[in-house]
Structures are given as C-alpha cells and as structure tokens.
Peer 1: 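One structure, pasted below without further comment.
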Amino acid sequence: MFRVRVRDRLSMKKKVIKYVEKAVAAVAAARGFADVELSEIGIELPREKAFGDFSSNIAMQLAGRWKDNPRKIGAALKDELDKETDLAEVTIAGPGFINMRLTFPCWHQRLQEIIESGADFAQLDYGQGRRVLVEFVSANPTGPLHIGHGRGAAVGDVLARLLTWAGFSVDREYYVNDAGNQMMVLGRSLRWRYLELQGQRQGEIPEGYYQGGYLLDLAKELLADQGAELTAANVDEEDDAGLEFFTKFAADAILAGIRDDLDLFGVGFEHWTSEKKFFTSGLVDDALADLKKKEVLYEEEGATWFASSRFGDEKDRVVVRANGVKTYFASDIAYHREKYERGYDLLIDVWGADHHGYVPRLKAAIEALGHEPESFAAILVQLVSLSRGGTPVAMSTRAGQFITLEEVVREVGKDAARYFFLTRRSDSQLDFDLELAKSKNNDNPVYYAQYAHARICSIFRRAEEEGVKPNCDRASFAASLTLPEELDLIKKLDNFTALLESAARTLELHRITYYLDELAAQLHSYYNRNKVITEDLQVSGDRLLLVGAIRQVIKICLTLLGVSAPEKM
RNA sequence: GGGCAAUUAGCUCAGUUGGAUAGAGUGUUGGCCUCCGAAGCCAAAGGCCGCAGGUUCGAAUCCUGCAUUGCCCGCCA
C-alpha cells in the first residue's frame with residue numbers, strides 16, 4: 001500500500017500562531033518572565049471583518065499573570081508583530097484584542113498551495129496511521145432496514161470516510177446479532193407463515209411474532225425452492241428441533257437483503273462479524289476468565305456479576321444468569337475485547353440513542369480489561385421521524401408498518417438521503433420529509449451544494465470555448481484577487497483543514513455539511529456579483545484559479561459525504 | 001424515585017478552547033435574468049439564548065438550583 005502524503009502545508013492560522021508565539025517569547029524575555037504556557041495562545045477568526053483576518057486574546061490572558069494592563073501588553077506585542085513582513089496591519093482593539101491582517105501576496109500564495117495540493121488538499125496526519133474500527137448499523141437480521149438504520153449507516157460510513165481522510169487506518173464492521181431469542185422468534189414466525197401457506201394455519205399471526213409481509217414472501221420462496229424437502233420434524237411446533245432450519249433460512253435471506261440495501265445506499269463493510277461465533281468459539285468464556293483474573297467478577301444469588309460500578313457505572317451487571325446462560329452484555333464484552341486483540345487502537349460504535357444507558361457499562365468493561373476508556377467512543381444516533389409533505393408517517397416495526405431504507409433511497413435518491421441524515425448533529429432528533437427530500441427544483445439543501453459545483457464546471461466549459469485559461473504564471477499568480485469577497489473565499493478555503501480536524505476530533509459530521517453550505521453560499525454570492533470571464537485576461541485567469549479551488553474543495557466535501565458531484569444538472 | 005441529554009428567531013437548527021454588535025435555512029414582505037446556469041442572488045422584518053443566582057476583565061458557552069421536554073433504569077437482546 002502506498003502511504004498518503006500530506007500535501008497541505010501550513011494553514012494561515014498556524015502561521016499566525018507562530019508569529020504570536022514568537023512575539024510573546026520576545027516580550028516575556030524583555031520583561032524577565034522565563035516560561036510562558038504557549039499552548040494557551042488562542043487565535044480566532046473575528047466575527048467582524050473589520051477587525052482583520054485573525055485576532056488573539058493573548059494580551060488579556062497575560063494581563064492576569066503579569067499584573068499589567070492588557071492594552072499595554074498588547075502594544076508591546078504589536079511592536080514585535082510589526083516586524084513580520086506577512087502581517088500588513090496589527091492593531092489593538094477593545095479590552096486588548098490584537099487584530100492582525102495578512103498581506104495580499106500571503107493569501108495568494110496560500111491559494112497557490114491549495115491548488116497545488118489538488119484532490120488531496122486538507123488530508124491530515126491527525127490520525128497518524130492509528131487503526132480505527134467503526135461498527136455501525138448492526139441491525140438484527142430479523143427484517144429489512146428502515147429509515148432509522150439509514151441514518152446510522154450514513155453516519156458510520158461518513159465517519160469512516162472522514163477518519164480515513166484525517167490519517168487513520170479505518171475498517172467498517174457490521175455486527176450480526178444472530179444469537180439469542182429474537183432469532184428463535186424469527187424462525188417461528190417464518191415457520192408459521194410457511195404452514196399458513198399450506199393451509200395449516202389461519203387467521204392473524206400470533207402476538208409477538210414478526211408481522212411484516214417480507215416473511216410471507218420468504219415463506220413463498222421457501223415453498224417454491226425446497227418445500228418438499230422439509231420433514232415433519234422441521235415443522236413440529238411443539239418441538240423446536242427443526243427450528244434452526246427456518247431461522248437460518250430467514251436470517252440468511254434477510255441479511256442478503258440488508259447487504260443489497262446498503263449497497264444501494266453506497267455503504268460497504270470490510271467485516272461482517274457474527275455474534276454466534278463468540279459463543280461457539282469460547283471467546284465469551286475467555287473474556288469472562290480474563291475479567292475473573294482481574295478480580296472484577298463475583299457470584300451472588302446464583303448469578304455472576306461484573307463489578308462495573310467500580311468503573312463509574314451506576315450499578316453492577318449480570319454476565320451469567322442463574323440458569324447458566326450468558327447475557328448479551330457478556331458477549332458484547334467478548335466482542336469488544338476481541339476488537340482490541342485484532343489490533344485496533346480506537347473503537348467507535350454507532351448506536352441508537354436509546355442505548356445511551358449502555359455506554360457506561362461497556363466503558364467500564366473496557367477499562368477493566370486494561371484499555372484506555374478514551375479508546376472507545378459511542379456515537380449516539382437519534383430517531384428519525386418520517387413525514388410526507390408535513391404530515392407524519394406512522395412507523396411501527398412490530399406491526400410491520402414501516403418505510404424501508406430501500407423505499408426511501410429509491411424515492412428520493414442516495415444523494416438526498418445521505419445529505420439529509422448529516423445536516424444535523426447525530427444526537428438530535430431529525431424529521432425526514434420525503435416530499436422535501438424528493439423535491440428537485442427548490443427547497444432541497446443537497447442541490448444547493450451540487451449546483452455550486454455544476455455551476456463552476458459550467459464556467460470552465462464556457463472559459464474553454466472562449467479560450468480563457470487559469471493563470472499559471474507564478475509571478476502574477478492570483479495577483480488581481482483583491483476584492484473583499486475574493487479574500488473571504490480564500491480564507492474560507494484556508495479554514496477547511498481546521499474544519500476537518502475539528503470534525504475528526506469531535507466526531508461531529510454536521511460540521512462538514514454546514515461548511516459546505518456556507519462555502520456554496522459564498523460562491524453563489526460571488527458569482528452573482530462578479531463575472532469570472534471578462535475582457536481582462538489577468539482577472540479572468542485569476543478568477544478561474546479561485547473558482548477552480550472552490551470546486552476542488554466542494555468536491556472533497558461531497559466525496560466525504562458520499563454524495564455525487566455532478567458537472568451538469 | 002435515580003441517571004443521561006436537551007431548552008437559541010413563527011418553524012427546523014448552527015454557534016470550535018468563555019470573547020467584540022447572536023448566525024443559517026425555512027416561512028413572511030419587497031426587489032434582481034438584452035449579462036459566465038434564476039436549482040441562484042440582494043434587502044427588510046423577526047431574539048429576556050427556559051428562569052434565578054454564582055465564577056471574571058468578559059457567559060448562549062463554565063458551576064449550582066429550579067422549570068419543562070425526551071430517553072434510559074431486566075438475571076431481554
């Protein structure tokens with residue numbers, strides 16, 4: 001495998017931090033202060049453009065420590081900063097903010113770096129090659145994926161894309177919950193449908209069984225394929241000896257359907273891991289033995305408990321029931337233990353938000369096993385409520401009345417569905433309106449960004465017709481880009497690395513869609529105000545550089561989101 | 001009863017480590033195509049950042065209490 005080279009050099013912010021650090025060190029030395037905690041230096045993008053490109057509150061921070069007036073300290077720092085040739089202007093404002101403005105050539109050079117980085121721009125070495133396992137969807141193979149699973153799928157997949165981009169080595173994993181009671185119920189439900197088809201059962205399917213119509217379809221399939229081969233033992237409802245056949249048939253078929261749906265949604269997995277494997281291979285026993293060795297298990301009332309409360313959980317949890325059956329939690333401990341053994345440095349689980357109470361106990365287990373609690377993160381994904389043109393659509397998994405992911409993707413398209421799921425932070429509730437997501441010509445947010453991309457492509461097609469080319473001359477590169485909105489656009493592009501780093505650090509994906517939306521808005525606004533292709537060759541050539549760089553970043557964003565970047569719409 | 005989270009414009013939501021005059025979309029009202037794509041742009045109106053205290057140069061952001069809402073609290077998975 002080739003190693004991805006980090007092509008982005010310094011973002012402007014990091015450059016400015018260096019200047020400020022240097023100035024602080026100089027002033028500190030002059031005042032006889034030895035060490036200053038330089039990590040505390042904060043550089044911000046001011047809200048008001050008039051304040052400059054960057055601003056620092058360091059003078060106010062130092063004021064307390066040095067027992068001096070912040071504006072005085074600011075003035076001393078300004079004297080140092082004025083020596084930097086990249087800084088066009090340094091001013092002290094308000095209570096002691098230091099506002100800095102960079103020179104035009106400085107920004108033009110930054111644009112050049114961005115363009116030269118090409119499709120790799122803003123790739124980070126934040127992850128430093130550490131191995132991450134993102135586990136998501138992991139829906140029980142008892143029915144088709146619904147829209148809630150779709151959100152989890154989008155979040156997990158984009159998380160994996162983002163972390164890969166940020167320098168981690170990432171694998172995606174689907175944990176197949178193919179052990180336990182619900183699989184028995186699945187088998188019984190299919191068996192009942194099968195018998196119904198043969199006229200041996202009438203009326204409503206019993207309470208507690210899976211009611212969805214997909215089981216009836218499966219039963220038909222089963223009857224057509226191999227119905228004749230089923231023995232009396234297979235269909236004996238008194239004795240579950242033959243149940244395994246139905247369970248396996250249903251689970252395999254449903255899992256295959258799930259794979260197809262995810263494929264349609266643009267989501268693939270490196271690993272599909274079976275829960276059953278953990279019981280049959282003795283991995284659960286190994287994990288429990290490990291915990292026992294660490295002296296965090298005890299017996300009480302016939303059951304075996306894990307002392308999770310010692311690690312911050314609110315109470316201890318049962319791992320082996322009094323009847324000798326190991327709990328789901330026990331297999332989950334074994335599962336996560338095995339993930340670490342496979343060599344992953346960081347585990348990320350994407351769960352439904354109703355599982356939030358489960359986080360402390362799993363974290364406790366991870367800590368008890370000797371791993372850093374920070375090496376595990378659970379991303380909680382809130383429910384999706386579905387509506388159509390403003391009126392809610394009722395959903396009930398048990399009653400089998402729900403809109404499947406497949407239906408949604410076929411109706412609104414992969415791009416719109418994915419984008420919609422990522423416009424809000426994952427732990428806040430989301431209303432998904434089918435009509436809105438489907439609308440192709442007005443209110444749909446996904447088209448806003450795609451349109452910006454297509455629009456730039458259109459400009460380039462036009463430029464080619466007119467024989468105008470981007471300005472590649474190093475001496476005059478981008479030199480005519482001096483409008484405030486042009487500099488704002490370069491700043492926005494410059495800030496992309498910081499944006500991705502914060503998204504990767506916090507695991508918050510909505511930051512990408514917000515950034516993309518803002519960048520597209522700036523582009524549209526610029527386009528409406530200024531013509532890219534003009535009589536002036538230098539201006540046209542420079543503006544093509546700028547919009548070309550914007551197209552590049554929009555495409556990176558869309559790719560990270562798994563959304564297409566069309567050249568025409 | 002205990003725990004976790006949330007509360008920002010009519011509605012849906014952003015708001016990096018505490019920073020300067022609080023942001024977007026949508027909705028409402030009014031403008032912009034003889035001009036590179038109007039799936040776009042511009043402007044106006046709209047706020048006790050749930051309430052009350054505290055911390056400090058400075059709070060939507062941190063702390064405490066209260067109110068309201070959602071979720072979780074099984075030897076289920």
Side-chain angles (χ1 to χ4, degrees), chain A residues 39-48 50-51 55 57 60-61 63-64 69-70 93-97 99 140 142 177 179-183 275 300-305 313-315 317-329 331-332 352-360 380 382-383 423-425 427-431 433 436 439-448 450-452 454-463 465-466 468 498-499 501-503 505-506 508 510-511 513-514 517-518 520-521 523-534 540 543 547 568-569:
Chain A
S39 64
E40 287 178 23
I41 289 182
I43 300 289
E44 298 153 19
L45 306 179
R47 224 171 263 283
E48 286 294 323
F51 294 144
S55 107
N57 62 356
M60 278 117 78
Q61 307 243 341
N69 181 316
F97 291 103
N99 295 326
N140 298 344
T142 55
N177 294 120
N181 287 334
Q182 86 280 357
M183 296 308 294
E275 181 191 0
E300 192 173 294
E301 296 174 13
T304 306
W305 298 70
D313 195 12
E314 43 179 309
K315 58 180 182 179
R317 311 288 174 175
V318 170
V319 285
V320 184
R321 286 180 275 180
N323 64 8
V325 178
K326 292 161 198 107
T327 61
Y328 175 82
F329 181 43
S331 73
D332 223 18
D354 54 340
H355 288 70
H356 67 80
Y358 195 76
V359 178
L380 302 174
Q382 263 293 359
L383 291 174
T423 50
R424 280 182 222 306
R425 51 187 312 140
D427 59 355
S428 76
Q429 262 188 290
L430 173 72
D431 180 62
D433 194 296
L436 182 61
S439 65
K440 283 227 179 336
N441 36 8
N442 40 10
D443 308 324
N444 197 332
V446 66
Y447 292 108
Y448 189 74
Q450 289 183 319
Y451 181 57
R455 190 173 232 181
I456 295 170
C457 290
S458 171
I459 295 171
F460 271 88
R461 283 191 297 269
R462 179 64 178 255
E465 285 169 21
E466 313 237 338
V468 183
L499 175 275
E501 193 176 317
S502 80
R505 191 184 63 245
T506 59
E508 290 179 349
H510 68 282
R511 298 186 184 208
T513 47
Y514 270 87
D517 203 58
E518 288 159 8
L523 180 274
H524 287 311
S525 177
Y526 177 64
Y527 173 91
N528 272 272
R529 252 174 103 144
N530 307 97
K531 279 187 72 85
V532 173
I533 300 165
T534 67
S540 306
R543 289 182 177 175
V547 296
K568 286 181 182 176
M569 291 171 74

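Here is how names work: the chains are called A, B, and so on, in the same order as the sequence lines, proteins then strands, and each is numbered from 1. What you see is a predicted model, and the numbers here were worked out from it, not measured in a lab.
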Peer 1: Can you find a side chain N or O atom of A:Y358 that sits less than 4.0 Å from OP1 or OP2 on B:rC73?
Peer 2: no
Peer 1: Check whether the aromatic ring of A:F97 stacks on the base of B:rA20, taking stacking as ring centres less than 5.5 Å apart and planes within 30° of each other.
Peer 2: yes
Peer 1: Roughly how many Å apart are B:rC62 and B:rA6, using the P atom of each and rounding to a whole number?
Peer 2: 9 Å
Peer 1: Are the side chain of A:S428 and the backbone N or O of A:R425 linked by a donor-acceptor pair below 3.5 Å?
Peer 2: yes
Peer 1: Give A:F329 one of three labels, base, sugar-phosphate or nothing, depending on what nucleic acid heavy atoms sit under 4.0 Å from its own.
Peer 2: nothing
Peer 1: Contact class for A:D354 (heavy atom, under 4.0 Å): base, sugar-phosphate, or nothing?
Peer 2: sugar-phosphate
Peer 1: Pick the closest RNA chain B nucleotide for A:E48 and for A:L499 by heavy atoms, then say which residue is nearer the 5' end.
Peer 2: A:L499
Peer 1: For the side chain of A:A322, starting at C-beta, report the closest nucleotide among B:rG19, B:rC75, B:rG37.
Peer 2: B:rC75
Peer 1: Using whole Å, report how far CG of A:D427 lies from C1' of B:rU69.
Peer 2: 15 Å
Peer 1: Does a side-chain N or O from A:R425 land closer than 4.0 Å to OP1 or OP2 of B:rG15, or not?
Peer 2: yes
Peer 1: Any side-chain N or O of A:S525 less than 4.0 Å from the OP1 or OP2 oxygen of B:rC42?
Peer 2: yes
Peer 1: Out of B:rC42, B:rA20, B:rG37, which has the shortest distance to the side chain of A:P46?
Peer 2: B:rA20
Peer 1: Between B:rC75, B:rU12, B:rA14, which nucleotide has the shortest distance from any of its atoms to the side chain of A:R424?
Peer 2: B:rU12
Peer 1: For A:N69, report the nucleic acid contact type (base, sugar-phosphate, nothing); a contact means any heavy atom under 4.0 Å.
Peer 2: nothing
Peer 1: Is A:D517 side chain donor-acceptor paired with the B:rA14 base, going by distance under 3.5 Å alone?
Peer 2: no
Peer 1: Say we look at B:rC63 and B:rU28: how far apart would their P atoms be, to the nearest angstrom?
Peer 2: 40 Å
Peer 1: Looking at B:rC35, I'd like to know if its phosphate oxygens (OP1 or OP2) sit under 4.0 Å from a side-chain N or O belonging to A:R529.
Peer 2: no
Peer 1: Going by the rule side chain to side chain contact (heavy atoms under 4.5 Å, CB included), which residues pair with A:Y448 if we only count those two or more places apart in sequence or in a different chain?
Peer 2: A:D517, A:A520, A:A521, A:H524
Peer 1: Between A:R461 and A:S502, just flag the one whose closest nucleotide in RNA chain B comes earlier from the 5' side.
Peer 2: A:S502
Peer 1: Less than 4.5 Å apart, any side-chain heavy atom of A:L430 and any of A:Q382?
Peer 2: no
Peer 1: Starting at CG of A:L430 and ending at C1' of B:rA14, how long is that distance when rounded to a whole Å?
Peer 2: 15 Å
Peer 1: Does OP1 or OP2 of B:rC4 have a side-chain N or O of A:H355 closer than 4.0 Å?
Peer 2: no
Peer 1: Could you check which of B:rA14, B:rG40, B:rC75 has an atom nearest any side-chain atom of A:E301?
Peer 2: B:rC75
Peer 1: Compare the minimum distances between each of B:rU17, B:rC76, B:rA38 and the side chain of A:Y451, then state the nucleotide with the smallest one.
Peer 2: B:rA38
Peer 1: Quick one, A:V547 with A:R455, criterion side chain to side chain contact (heavy atoms under 4.5 Å, CB included). Give me CA distance, side-chain angles, the key distance, then yes/no.
Peer 2: CA-CA 10 Å; A:V547 296; A:R455 190 173 232 181; over 6 Å; no
Peer 1: If you measure from the P atom in B:rU69 to the same atom in B:rC75, how many Å do you get, rounded?
Peer 2: 29 Å
Peer 1: Could you tell me which residues satisfy salt bridge (charged side-chain N to carboxylate O under 4.0 Å, His left out) with A:R529, sequence neighbours excluded, listed by chain and number?
Peer 2: A:E485
Peer 1: If we take the C1' atom in both B:rU61 and B:rA44, what is their distance in whole Å?
Peer 2: 30 Å
Peer 1: Out of B:rC4, B:rC76, B:rA39, which nucleotide sits closest to the side chain of A:H356?
Peer 2: B:rC4
Peer 1: Reckon A:K315 touches a base, only the sugar-phosphate, or nothing at all at heavy-atom distances under 4.0 Å?
Peer 2: sugar-phosphate
Peer 1: So, is B:rC13 syn or anti if syn means the angle is within 90° of 0?
Peer 2: anti
Peer 1: Dot-bracket for RNA chain B, please, read 5' to 3', with Watson-Crick or G-U wobble pairs under 3.5 Å on both distances, ( ) within the strand, [ ] crossing, | other strand, . unpaired.
Peer 2: (((((((..((((.....[...)))).(((((.......))))).....(((((..]....))))))))))))....
Peer 1: State whether A:Y448 places a side-chain N or O below 4.0 Å from either non-bridging phosphate oxygen (OP1 or OP2) of B:rA24.
Peer 2: no
Peer 1: Check the distance between B:rC72's P and A:L380's CG and give it to me in whole angstrom.
Peer 2: 12 Å
Peer 1: Does the side chain of A:R461 come within less than 4.5 Å of A:K568's, by heavy atoms?
Peer 2: yes
Peer 1: Can you tell me if A:S428 touches the phosphate of B:rA14, counting only side-chain N or O atoms and a distance under 4.0 Å to OP1 or OP2?
Peer 2: yes
Peer 1: When the distance from CG of A:L383 to C1' of B:rG70 is rounded to whole Å, what number comes out?
Peer 2: 10 Å
Peer 1: For A:E314, what residues pass the salt bridge (charged side-chain N to carboxylate O under 4.0 Å, His left out) criterion, not counting sequence neighbours?
Peer 2: none
Peer 1: Does any non-hydrogen side-chain atom of A:T142 lie less than 4.5 Å from one of A:M183?
Peer 2: yes
Peer 1: Base of B:rA20, side chain of A:S55 - is there a donor-acceptor contact under 3.5 Å?
Peer 2: yes
Peer 1: Rounded off to whole Å, could you give me the CD-to-P distance for the A:E44 and B:rU61 pair?
Peer 2: 17 Å
Peer 1: Taking the side chain as C-beta and beyond, is there a heavy-atom pair between A:N177 and A:Y328 under 4.5 Å?
Peer 2: yes
Peer 1: Apply salt bridge (charged side-chain N to carboxylate O under 4.0 Å, His left out) to A:R462 and list each qualifying residue two or more places apart in sequence or on a separate chain.
Peer 2: A:E466
Peer 1: Could you state the OH-P distance from A:Y527 to B:rC42, rounded to the nearest angstrom?
Peer 2: 14 Å
Peer 1: Which residues satisfy the side chain to side chain donor-acceptor pair (under 3.5 Å) test with A:S331, sequence neighbours excluded?
Peer 2: A:E275
Peer 1: Sticking with atom C1', work out how far B:rC36 lies from B:rG40, rounded to a whole angstrom.
Peer 2: 13 Å
Peer 1: With C1' as the reference atom in both, quote the distance from B:rA52 to B:rU68 in angstrom, rounded to an integer.
Peer 2: 15 Å
Peer 1: So which nucleotide from B:rA77, B:rC13, B:rG37 ends up closest to the side chain of A:K568?
Peer 2: B:rG37
Peer 1: Of the options B:rA77, B:rA39, B:rG15, whose atoms approach the side-chain atoms of A:Y328 most closely?
Peer 2: B:rA77
Peer 1: Could you state the atom-to-atom distance from CD of A:Q429 to P of B:rU12 in whole Å?
Peer 2: 11 Å
Peer 1: I want to verify a distance call: between B:rC76, B:rC57, B:rA38, whose nearest atom is closest to the A:R455 side chain?
Peer 2: B:rA38
Peer 1: Between B:rA38 and B:rC33, how far is it from one C1' atom to the other, in whole Å?
Peer 2: 7 Å
Peer 1: Look at all strands and tell whether A:E518 reaches a base, only sugar-phosphate, or nothing, counting heavy atoms closer than 4.0 Å.
Peer 2: nothing
Peer 1: Does the side chain of A:R543 reach to within under 4.5 Å of the side chain of A:I459, using non-hydrogen atoms?
Peer 2: no
Peer 1: Name the nucleic acid region contacted by A:D313, choosing base, sugar-phosphate or nothing; use a 4.0 angstrom heavy-atom cut-off, strictly under.
Peer 2: nothing
Peer 1: Rounded to whole angstrom, note down the P distance from B:rU26 over to B:rA43.
Peer 2: 14 Å
Peer 1: At under 4.0 Å between heavy atoms, what does A:A179 touch on the DNA or RNA strands: base, sugar-phosphate, or nothing?
Peer 2: sugar-phosphate
Peer 1: Given B:rA14, B:rC36, B:rG19, identify the nucleotide with an atom nearest to the side chain of A:M60.
Peer 2: B:rG19
